[in-house]
Amino acid sequence: MTTIQAYGALAGDQPLQPLQITRRAPGPHDVQIGIAFCGVCHSDLHQVRSEWAGTLYPCVPGHEIVGRVTAVGRHVTRFKEGDLVGVGCIVDSCRHCEECEAGYENYCDGMVGTYNGPTDDPPGHTLGGYSQQVVVDERYVLSIRHPESQLAAVAPLLCAGITTYSPLRHWGAGRGKTVGVVGIGGLGHMGIKLARAMGADVVAFTTSESKRDAASQLGAHEVVVSRHTEEMAAQQGRFDFILNTVAAPHSLDDYLALLKRDGVLALVGAPSSPHPSPNVFNLIMKRRHIAGSLIGGIPETQEMLDFCAEHGIVADIELIRAEQINEAYERMLQGKVKYRFVIDIASMGGQA
Ligand code: NAP
Ligand code: ZN
Ligand code: ZN
C-alpha cells in the first residue's frame, strides 16, 4: 500500500479539499501510473455533489487520467516503466459477458468506474484521478501516442473524447452527413473537432453568444445561437444526426424538429433531473429517433486516441492547480471555460 495526496469531498455539500488516500501495491497484472494531469468532467461535479444517486464518500473524482508508468506487475505484457498512458472512466468489468467479449466494457453490468465503483483492494470504493497515482489492471490502460508536450491536452480525450467519438462513429458521422453538436463545453468542443475530422458538415449549437466565433475556430462550418428562434427555424429538417451534450434539462423538441426523416438525436448529457417529455408527433412524423450513449469500450477508446494522434487532435484546455478546483466547478456551471479544465497534478506537491 502507498499513501498519496488527493483532492476530494467528504460530503455532497462540502467543497473539495486535500485528502490522503491509499493505493494497492501493483498485482501481477497491474500497471502503476504516476498521474501527470487529470481533466475535470461535468460528471465529476454531478457525482461529488450527489446530484446523481449513490455517491460514496470520501469522493475523489477524476476519470481523464494521463501519466507515466512507474511500475508493472510480472505478468504485464503491453506496458513498461516510463510509457505514456491514460486511464478513462473504466478500471474493471466482469470480463466474460457478451459486452466485455465484444469490447463494450462500458455496457457491462459489472463495469467498475474509476471513481465511486466497488473494489476490494483496498476495500471500499474506487477513488479517481484527482490524485498523484493510480494502480489499474493493464486491460483498462490505454497507450498514448501523442507527443509528450501535448499530454495535458490529451487528458480530456479519455472521457470527453471517447463519449463523443463513440456515438459519432456508431451513427455514421462522415462525408455527406450533416451533424449537429449541442452544448459547446468539454464534450461538445471535442464533438465538433471529431465530427469535422470524420468529414461531416458540422453545425454547433450554443446558448452562449460569446462562443459563436470560438466554435467556428474549433471546426464548425456553422454556429447557431439556440436562444435565437429565427436561427433555429432556419435549421429545420436538415440533420442526419445531432449529438446533445447539454448538462441540464431542456426541450428536446427544439432539436427533434431539426432532424431529417430517420434522423437520430443522441443524448450524452446526463442532467440530474429529466428533460420535459418530447412531443410524440416530432418522432412519428418523420420516423425520428432519440437515443443515448455511454462513454465507449476499451478497444474503441484506444482507436479514438490513435485517431486523434493521427489527426493532431487534442482538447482546448485551461490548466489549473489542484487548489483551484472548487472555483473551476463554479465556472464550469456557468459555461465559462474554453473548454476543459485540466488539473496539473504536480501542484499537489511532494512525490507520490
Ligand atoms: P460542460 O463542459 O459543463 O458542458 C456542458 C455545456 O452544455 C455547457 O458548456 C453549455 O454549452 C451547455 N449548457 C446549456 N445550458 C446549460 C445549463 N443550463 N447548464 C449546464 N450546461 C448548459 O460539461 P461536459 O463535461 O461537457 O459534460 C456534459 C454532460 O455530459 C454532463 O451532464 C456530463 O455528466 C455528461 N457526460 C456523459 C457521459 C456519457 O457517457 N454519456 C460522459 C461524460 C459526461 P453552451 O454554452 O454552448 O450552451
Ligand atoms: Zn466524464
Ligand atoms: Zn462484462
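Read the numbers this way: they start at 1 and go in the same order the structure lists the ligands and their atoms. In what follows, residues are counted from 1 in the order of the sequence shown.
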**Student:** Taking the Zn ion (ligand 3) as the vertex, measure the angle between atom SG in Cys108 and atom SG in Cys100; round to 10°.
**Tutor:**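 Answer comes to 100°, rounded to 10°.
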
**Student:** Looking at Arg24, Glu138, Arg23, which one forms a side chain to side chain contact (heavy atoms under 4.5 Å, CB included) with Asp30?
**Tutor:** Arg24

**Student:** Tell me the residues surrounding ligand 1, counting only those with a heavy atom closer than 4.0 angstrom, sorted by chain and number.
**Tutor:**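 Residue list for ligand 1: Cys41, His42, Ser43, His46, Trp52, Cys159, Thr163, Gly183, Ile184, Gly185, Gly186, Leu187, Thr206, Thr207, Ser208, Lys211, Thr245, Val246, Ala247, Ala248, Val268, Gly269, Ala270, Ser293, Leu294, Ile295, Met332, Arg340.
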
**Student:** Between Lys260 and Asp240, is the salt bridge (charged side-chain N to carboxylate O under 4.0 Å, His left out) condition met? List the steps.
**Tutor:** CA-CA 6 Å; Lys260 289 180 183 166; Asp240 297 286; 3.2 Å; yes

**Student:** Would one find an N, O or S atom of Cys97, in either backbone or side chain, under 2.8 Å from the Zn ion (ligand 3)?
**Tutor:**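 Under 2.8 Å: Cys97 contacts the Zn ion (ligand 3) through an N, O or S atom.
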
**Student:** In terms of side-chain geometry, is the basic nitrogen of Lys193 or Asp316 positioned less than 4.0 Å from the acidic oxygen of its partner?
**Tutor:** yes

**Student:** What orientation do His29 and His75 show, parallel under 30°, tilted 30 to 60°, or perpendicular over 60°?
**Tutor:**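 The arrangement is tilted - the two ring planes meet at 30° to 60°.
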
**Student:** Before accepting this row, confirm whether a basic side-chain N of the pair Arg68/Glu148 lies closer than 4.0 Å to the acidic partner's carboxylate O.
**Tutor:** yes

**Student:** Count I, L, V, M, F, W, Y as connected when their side-chain heavy atoms are under 4.5 Å apart, and connections chain through other members. Are Ile35 and Ile144 then in the same cluster?
**Tutor:** yes

**Student:** By residue and atom, what protein N/O/S atoms are less than 2.8 Å from the Zn ion (ligand 2)?
**Tutor:**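 The answer, once waters are left aside, is Cys41 SG, His63 NE2, Cys159 SG.
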
**Student:** Does Cys94 form a side chain to side chain contact (heavy atoms under 4.5 Å, CB included) with Glu99? I'd like the steps, not just the answer.
**Tutor:** CA-CA 9 Å; Cys94 89; Glu99 307 295 3; over 6 Å; no

**Student:** Between Asp201 and Arg238, is the salt bridge (charged side-chain N to carboxylate O under 4.0 Å, His left out) condition met? List the steps.
**Tutor:** CA-CA 11 Å; Asp201 284 327; Arg238 64 173 292 222; over 6 Å; no

**Student:** Looking at Glu330 and Arg49, is any side-chain nitrogen of the basic one under 4.0 Å from a carboxylate oxygen of the acidic one?
**Tutor:**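 Salt bridge: yes.
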
**Student:** When you group the ILVMFWY residues by side-chain heavy-atom contacts below 4.5 Å and let the links chain together, are Leu56 and Val48 in the same group?
**Tutor:** no

